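Below you'll find the structure, written out as structure tokens, and then a few comments.
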2 protein chains.
Amino acid sequence: MPTVSIREVALQAGVSVGTVSNALNSPEKVAEATLQRVQQAIESLGYVRNDAARQLRAGTSRSIGFIVLDVANPFFTDVARGAQAASAEVGLNVLLGTSDHDPAKELAYLDLFEQQRVQGVLFTPIDTDAEGLDRLHRRGVPIVLVDHPTEDPRFCSVAVDDVAGGEMAVRHLLEQGRRRIVMLAGPPGIRQVAQRTEGARRAVAAVPDARLEVLPTPSLTVLEGRAAGAALADRAPQDQPDAVFAANDLLAVGCLQGLSLMGRPRRREPVALIGYDDIDFASATVVPLSSIRQPKELLGRTAVELLLAQVAGGPGARAVHHVFQPELVVRESSTRGV
Amino acid sequence: MPTVSIREVALQAGVSVGTVSNALNSPEKVAEATLQRVQQAIESLGYVRNDAARQLRAGTSRSIGFIVLDVANPFFTDVARGAQAASAEVGLNVLLGTSDHDPAKELAYLDLFEQQRVQGVLFTPIDTDAEGLDRLHRRGVPIVLVDHPTEDPRFCSVAVDDVAGGEMAVRHLLEQGRRRIVMLAGPPGIRQVAQRTEGARRAVAAVPDARLEVLPTPSLTVLEGRAAGAALADRAPQDQPDAVFAANDLLAVGCLQGLSLMGRPRRREPVALIGYDDIDFASATVVPLSSIRQPKELLGRTAVELLLAQVAGGPGARAVHHVFQPELVVRESSTRGV
DNA sequence: CCCTCTTGTTGAATCGTTTCACGGGTGTGT
DNA sequence: ACACACCCGTGAAACGATTCAACAAGAGGG
């Protein structure tokens with residue numbers, strides 16, 4: 001209860017405050033005997049460092065901010081986990097905020113982070129031209145854009161090549177001998193979705209007799225996928241696809257359910273199915289789901305590393321843009337079909 | 001770049017630092033004209049408050065800490081969301097930490113929170129007798145235990161009645177006419193699981209010809225549930241249960257898959273299935289899953305409210321223990337069966 | 001004209017830590 | 001004995017905001 005500061009510790013140990021501080025921060029500068037007395041005083045008084053005072057003195061905090069689009073999305077949770085692990089290794093901690101696609105919340109978190117004097121900000125922006133981005137940059141706060149490819153020379157960025165991922169997914173379906181492919185594409189406004197679609201188109205263009213039908217859905221949820229799957233299963237036999245590429249795993253899981261629940265009696269052949277993201281649940285579905293894996297934790301790690309490089313390099317450091325390649329994970333849904 | 005403090009603002013506006021501070025914190029004490037000059041100076045210099053300095057002066061921060069067992073578990077994510085929302089309403093923000101069932105990480109976060117001088121801590125402890133708990137309490141830090149029922153007069157707590165939930169689930173199965181019930185019980189060491197099992201026993205005891213078989217599983221995951229479901233389906237007909245109560249929804253989802261994937265040919269009647277938690281995914285399975293819903297966000301909200309009451313009431317405040325009642329959610333898995 | 005009240009503003013003290021220039025010892029080499 | 005380097009430890013000056021006693025300037029009442 002009685003607020004115990006470094007001053008009380010010094011008094012108790014019979015040394016000056018400077019020495020206590022040294023004992024804590026550079027023990028090698030303090031004689032062994034003194035060190036022990038200080039340690040003991042700390043123990044007996046139950047002293048706890050005051051972080052606010054350290055920060056005030058240091059001018060900067062020991063944390064970084066991270067704003068994601070949606071904490072409920074397992075993709076972002078995993079990226080955050082990677083960032084958290086990498087930060088912990090160098091003694092930083094991560095303040096996690098979620099914008100929920102709301103520019104106001106995005107700004108509110110940026111404000112908070114500025115007031116906390118974070119070392120830097122990891123940021124999955126809603127729009128590239130967020131006004132908050134400019135502001136932070138003018139103030140010289142290091143920034144790394146996450147899952148947001150850009151050529152902007154002002155910011156570093158880390159992202160995964162979604163065009164390549166889309167192409168990879170559809171090429172795999174084509175290699176299974178499939179030719180009539182449907183893509184469940186989600187909302188066209190989302191950048192990631194648009195790029196995956198573009199990749200799918202490229203893959204199909206390389207095979208003369210292949211056809212791609214792009215089917216937008218209102219959202220990227222299990223329920224939408226299920227409705228879409230049921231609708232596909234309900235089609236006349238000659239209109240049915242022989243393969244489906246879903247823009248993310250939630251859609252794919254739903255589609256799998258829709259196809260097998262309502263469609264079985266009318267279907268003549270199994271449909272090859274592949275999703276995107278390789279969330280944990282993908283391997284646990286009734287028919288294990290093929291998917292495109294993104295290096296989620298690595299993304300978070302790398303983002304932190306780039307941020308630290310910027311902190312170290314000062315404002316003169318060049319922006320680095322890191323694009324990772326996704327990876328095909330083949331399970332039964334695309335080979336045996338569903 | 002040039003660090004701009006309240007001092008520069010004062011200079012630019014031609015007033016004293018005290019006045020700038022007043023303009024920010026108690027605008028009503030400052031003349032309109034002065035206010036405007038200060039505002040303008042702030043704008044033109046791009047001044048941002050330094051939170052560390054405020055905290056140092058105030059002696060406490062504007063945040064609370066929250067340690068959960070596992071951020072990857074949707075249950076805790078939802079509780080955290082509720083806490084975050086409630087905190088935001090009173091201008092607090094939540095520092096979220098995850099112990100991952102590791103006492104060392106738990107302690108590390110408690111240390112961090114202490115150094116940050118948080119207003120209080122929401123805490124889902126691994127053990128009740130965590131040493132960190134004692135320490136915090138001795139220092140007078142307000143604490144609310146979350147999802148951890150206790151009679152301990154030192155701490156407030158919020159929880160959901162797991163005995164009632166278990167009883168509710170099994171009573172529902174009995175009301176469907178089922179009599180040979182299996183409980184997939186997860187690891188017996190987990191308190192929540194033990195209490196749900198206890199509830200199940202009570203429900204069965206009330207019906208003379210009903211039988212309960214408790215089947216522990218090594219963990220509460222989809223994969224374990226699947227294995228268990230497959231094993232059940234493989235049993236000889238006379239040994240098969242006519243209903244299954246899974247200790248959480250992940251187990252239930254797996255069990256559903258195990259039963260329908262491998263068991264169909266040998267089974268003579270559908271099995272009624274019910275889970276626990278009512279995670280988002282429950283309504284989206286092939287056969288929609290009946291479950292026991294916990295008021296997750298409300299739990300988080302209430303925890304924050306109790307914490308604030310403690311902060312306001314000082315150390316003399318009495319500990320309050322809040323136990324919520326769970327709610328039965330009936331879907332097809334328990335009526336039509338799987 | 002004096003006194004009191006109100007309204008705005010000031011300047012200094014304070015929070016707890018880190019840092020750094022300085023100094024008293026002790027030992028070493030010459 | 002002298003110079004030199006080390007090793008430990010000291011004490012005061014920041015860091016940036018808040019708070020509070022004190023005060024200046026009018027306004028109004030008597």
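Everything numeric in this text was worked out from a predicted model, so none of it was measured. Numbered from 1 within each chain, the chains take letters A, B, ... in sequence-line order.
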N or O in side chain of A:Thr3 less than 4.0 angstrom from C:dG16 OP1/OP2: yes

Distance in angstrom units between A:Tyr47 OH and C:dC15 C1', rounded: 13 Å

Residue A:Ile6, side-chain atoms from C-beta onward, closest of C:dT17, D:dA17, C:dT10: C:dT17

Touch class at under 4.0 angstrom, heavy-atom based, for A:Ser5 against every strand present: sugar-phosphate

Side-chain donor-acceptor contact under 3.5 Å, A:Ser63 with A:Gln119: no

Within 6.0 Å of CZ in B:Arg154, more than 12 heavy atoms from elsewhere: yes

Touch class at under 4.0 angstrom, heavy-atom based, for B:Val30 against every strand present: sugar-phosphate

Atom pair CD1/CD of A:Ile126 and A:Glu106 - distance to nearest 0.5 Å: 4.0 Å

Atom-to-atom span, CG of B:Leu24 to C1' of D:dT19 - whole angstrom: 14 Å

Aromatic ring pairing A:Tyr109/A:Phe113, orientation class (parallel under 30°, perpendicular over 60°, tilted between): tilted

Closest listed nucleotide, where the reference is the side chain of A:Arg7 and the choices are C:dT17, D:dT18, D:dG11: C:dT17

Integer-rounded Å distance: C:dC15 P and B:Gln116 CD: 21 Å

Presence of A:Asn50 side-chain N/O under 4.0 Å of C:dC15 phosphate oxygens OP1/OP2: no

C:dT9 phosphate, OP1 or OP2, under 4.0 Å from B:Thr19 side-chain N/O: no

Over all atoms of both residues, closest heavy-atom pair of B:His322 and B:Thr302: CD2-CG2, 3.9 Å

Sugar-phosphate, base or nothing in reach of A:Val15, heavy atoms under 4.0 Å: sugar-phosphate

Protein-nucleotide distance (B:Leu11, atom CG; C:dG11, atom P), rounded to Å: 12 Å

Selected nucleotide, minimal atom distance to B:Ala53 side chain, candidates C:dT17, D:dC15, D:dA17: D:dA17

Separation of D:dA17 P from A:Gln55 CD (nearest whole Å): 14 Å

Atom pair distance, as rounded to whole Å: CG in A:Leu56 and P in C:dC15: 14 Å

Sugar-phosphate only, base, or nothing, as touched by B:Asp51 at under 4.0 Å among non-hydrogen atoms: nothing

Given D:dC8, D:dA17, C:dT17, the nucleotide with the shortest approach to the side chain of A:Thr34: D:dC8

Atom-to-atom span, CZ of B:Arg49 to C1' of D:dG16 - whole angstrom: 12 Å

Listed nucleotide nearest any side-chain atom of B:Arg54, set C:dT17, C:dG11, D:dT18: D:dT18

Residue mapping more 5' on DNA chain C - nearest nucleotide basis, B:Arg57 or B:Gly14: B:Gly14

Minimum-distance nucleotide (side-chain atoms of B:Ala31 versus D:dT10, C:dT9, C:dT19): C:dT9

Interatomic distance where CD belongs to A:Gln115 and P belongs to D:dG16 [whole Å]: 15 Å

Pairs flagged by side chain to side chain donor-acceptor pair (under 3.5 Å) wherever residues 76-90 of chain B is involved - sequence neighbours left out: B:Glu89-B:Arg301

Touch class at under 4.0 angstrom, heavy-atom based, for A:Gly59 against every strand present: nothing

A:Asn22 side chain, from C-beta outward: closest of D:dT10, C:dG16, D:dA17: D:dT10

